[in-house]
Amino acid sequence: MKALRPILVLTMLAALLGAPLVQRPAAAEPVRVAEFLADCPYSHRLPDDPIVFPGLPGASHMHSFFGSRVTNAHTTLADLERGATNCNPAVDRSSYWVPTLYNNGTPVEPAITTFYYLGEGVRPDITARIQPFPLGLRIVAGNAKATGPDGTTIARWSCLHAGHVPPSKDFVTCPSGTMLESYLDFPQCWNGRDLDSADHKSHMAYPVGDQCPAGHPVPVPKLRQVLRYPVSGNPAGFRLASGGGFTMHADFFNAWPVAELERRVRDCIRPIIKCGADGRPS
């Protein structure tokens with residue numbers, strides 16, 4: 001006589017005892033997206049830039065700062081590490097900033113500010129060996145001096161909940177009740193040596209053909225900045241402190257604790273798992 005299958009035995013026992021057989025549902029598989037994030041609201045405005053104009057207060061156009069509450073022209077890594085932050089998670093002490101948006105001369109700050117750390121943009125085998133940003137890394141993405149939409153325009157403008165409006169390198173007209181969005185991806189290939197460079201860009205590069213170029217062999221997370229501004233309608237009155245919408249650029253000064261950033265890269269990015277702000281599968 002063939003042995004009874006375990007599930008059949010359990011069913012028979014349950015029937016004899018008059019108890020219903022309860023089977024545990026299978027555990028949900030984690031979402032296969034290489035991602036963790038930080039929600040870092042608007043903090044303050046200053047005409048400072050500690051990357052491009054370090055030690056020179058007032059030397060820059062107006063910037064809107066997110067995350068670290070202490071960023072100014074004199075900010076160092078040590079200042080960020082011991083300073084206050086408004087990021088969720090609070091362990092992210094990094095500073096993020098962009099040129100301030102104006103609507104007919106009045107500054108407008110984003111209502112929603114999210115920074116996604118992603119493993120996309122390169123082949124899966126490269127995603128599997130992505131490294132955390134080195135502590136103190138500084139990056140500038142975009143061209144503040146652009147005179148029109150061109151190949152140096154990294155950011156894209158779109159409208160929240162209005163997908164029928166095509167994205168553009170310049171401001172777009174968003175329907176009433178929606179919000180103006182800005183998306184910007186930072187480069188994700190590092191030269192493996194420098195935390196900054198003379199032009200604040202050359203130590204980083206974008207992937208070419210889904211892989212990092214030879215001069216920038218170290219893959220790091222793709223930092224995607226998503227800003228949602230509470231404005232809509234005719235963009236004629238919109239301008240950035242740096243000029244037209246095509247001059248949108250962004251700065252990142254990394255002050256994540258080394259162990260925390262490494263954990264998120266190890267547990268979320270490399271295995272291609274979608275995590276929340278806490279760095280746990282969501």
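Keep in mind that this is a model prediction, so the values were computed, not measured.
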Apply side chain to side chain contact (heavy atoms under 4.5 Å, CB included) to residues Leu137 and Val220 and explain how you reach the verdict. CA-CA 11 Å; Leu137 182 70; Val220 295; 5.6 Å; no
When you look at Thr71 and Ser95, which way does the side chain to side chain donor-acceptor pair (under 3.5 Å) test go after all the steps? CA-CA 7 Å; Thr71 314; Ser95 186; 2.7 Å; yes
Take Ser202 and Asp199, measure what side chain to side chain donor-acceptor pair (under 3.5 Å) needs, and give me the verdict at the end. CA-CA 6 Å; Ser202 297; Asp199 62 358; 2.7 Å; yes
When you look at Ser60 and Asp49, which way does the side chain to side chain donor-acceptor pair (under 3.5 Å) test go after all the steps? CA-CA 6 Å; Ser60 178; Asp49 190 325; 4.6 Å; no
Starting from the C-alpha separation in whole Å, work towards a yes-or-no answer on side chain to side chain contact (heavy atoms under 4.5 Å, CB included) for Cys174 and Trp157. CA-CA 10 Å; Cys174 293; Trp157 295 93; over 6 Å; no
Does the pair Gln225 and Thr113 meet the rule for a side chain to side chain contact (heavy atoms under 4.5 Å, CB included), with working shown? CA-CA 8 Å; Gln225 170 185 283; Thr113 307; 5.9 Å; no
Worked verdict on Phe238 versus Tyr229 for side chain to side chain contact (heavy atoms under 4.5 Å, CB included): CA-CA 11 Å; Phe238 300 166; Tyr229 294 90; over 6 Å; no
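Of all the heavy atoms in Pro221 and Val265, the pair that sits closest is CG-CG2, 4.0 Å. The shortest non-hydrogen separation linking Val218 to Gly192 is CG2-CA, 3.9 Å. Smallest separation of non-hydrogen atoms from Thr173 and Pro235: OG1-CD, 3.2 Å. Nearest approach of Cys159 to Thr178, heavy atoms of both residues: CB-OG1, 4.2 Å. Between Thr247 and Ala146 the shortest heavy-atom distance is CG2-O, 3.4 Å. Of all non-hydrogen atoms in Val122 and Pro207, the two that sit nearest each other are CG1-CG, 3.8 Å.
Contact annotation: the side chain of Pro99 approaches that of Met248 to within less than 4.5 Å [non-hydrogen atoms, C-beta and beyond]. Side-chain atoms of Pro132 and Val258, non-hydrogen and from C-beta on, never get closer than 4.5 Å to each other. For the pair Phe171 and Leu101, the minimum side-chain heavy-atom distance is below 4.5 Å. Taking 4.5 Å as the limit, some side-chain heavy atom of Arg280 sits within range of a side-chain heavy atom of Arg263. Taking 4.5 Å as the limit, every side-chain heavy atom of Cys275 sits out of range of all side-chain heavy atoms of Ser282. Taking 4.5 Å as the limit, every side-chain heavy atom of Phe186 sits out of range of all side-chain heavy atoms of Met204.
In this structure a side-chain-to-backbone donor-acceptor pair under 3.5 Å is present from Asp48 to Gly58. One N or O on the side chain of Arg93 and one on the backbone of Gly83 form a donor-acceptor pair closer than 3.5 Å. Not one N or O on the side chain of Arg129 forms a donor-acceptor pair closer than 3.5 Å with the backbone of Thr127. With Arg156 contributing its side chain and Ile154 its backbone, the two residues share a donor-acceptor pair below 3.5 Å. A donor-acceptor contact shorter than 3.5 Å is absent between the side chain of Arg138 and the backbone of Leu195. In this structure a side-chain-to-backbone donor-acceptor pair under 3.5 Å is missing from Lys201 to Val140. A donor-acceptor pair is defined here as one N or O able to donate and one able to accept, closer than 3.5 Å; such a pair exists between the side chain of Tyr206 and the backbone of Asp185. Without hydrogens or angle criteria, Ser64 side chain to Glu109 main chain gives no donor-acceptor distance under 3.5 Å. When atom types are taken as modelled, the side chain of Asn86 and the backbone of Pro41 share a donor-acceptor pair closer than 3.5 angstrom.
In terms of the ring pair (Phe, Tyr, Trp, His ring centres under 6.0 Å) criterion, residue partners of Trp256 (sequence neighbours excluded) are, by chain and number, Phe36, Tyr117.
Looking at Glu120 and Lys274, no side-chain N of the basic residue comes within less than 4.0 Å of a carboxylate O on the acidic one, giving no salt bridge. With respect to Asp125 and Arg123, a salt bridge is recorded, a charged nitrogen being found less than 4.0 Å from a carboxylate O. Between Arg82 and Asp79, at least one side-chain N (NZ, or NE/NH1/NH2) sits under 4.0 Å from a carboxylate O, which counts as a salt bridge.
Taking OG of Ser182 as the reference point, atom CG of Leu240 lies at 8.0 Å (rounded to 0.5 Å). Distance NE2/His63 to CG/Asn72: 13.5 Å, rounded to 0.5 Å. Here NZ of Lys222 is found 10.0 Å from SG of Cys189. Values are rounded to the nearest 0.5 Å. Rounding to the nearest 0.5 Å gives a distance of 12.0 Å between CD of Gln131 and CD1 of Ile269. The distance from the CD atom of Gln188 to the NE2 atom of His216 is 13.0 Å, given to the nearest 0.5 Å. Annotation: the span from Ile139 atom CD1 to Phe253 atom CZ amounts to 11.5 Å, rounded to 0.5 Å.
Proximity of the aromatic rings of Phe133 and Phe252 is defined here by a centroid distance below 6.0 angstrom, and this criterion is met. Aromatic rings of His249 and His61 (six-membered ring for Trp) have centroids within the 6.0 Å cut-off, being under it.
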Using atom types as modelled, flag every donor-acceptor pair under 3.5 Å from a side chain in residues 160-168 to any protein atom, sequence neighbours excluded.
unit_1	atom_1	unit_2	atom_2	d
Ser168	OG	Asp170	N	3.0
Ser168	OG	Asp170	O	3.3

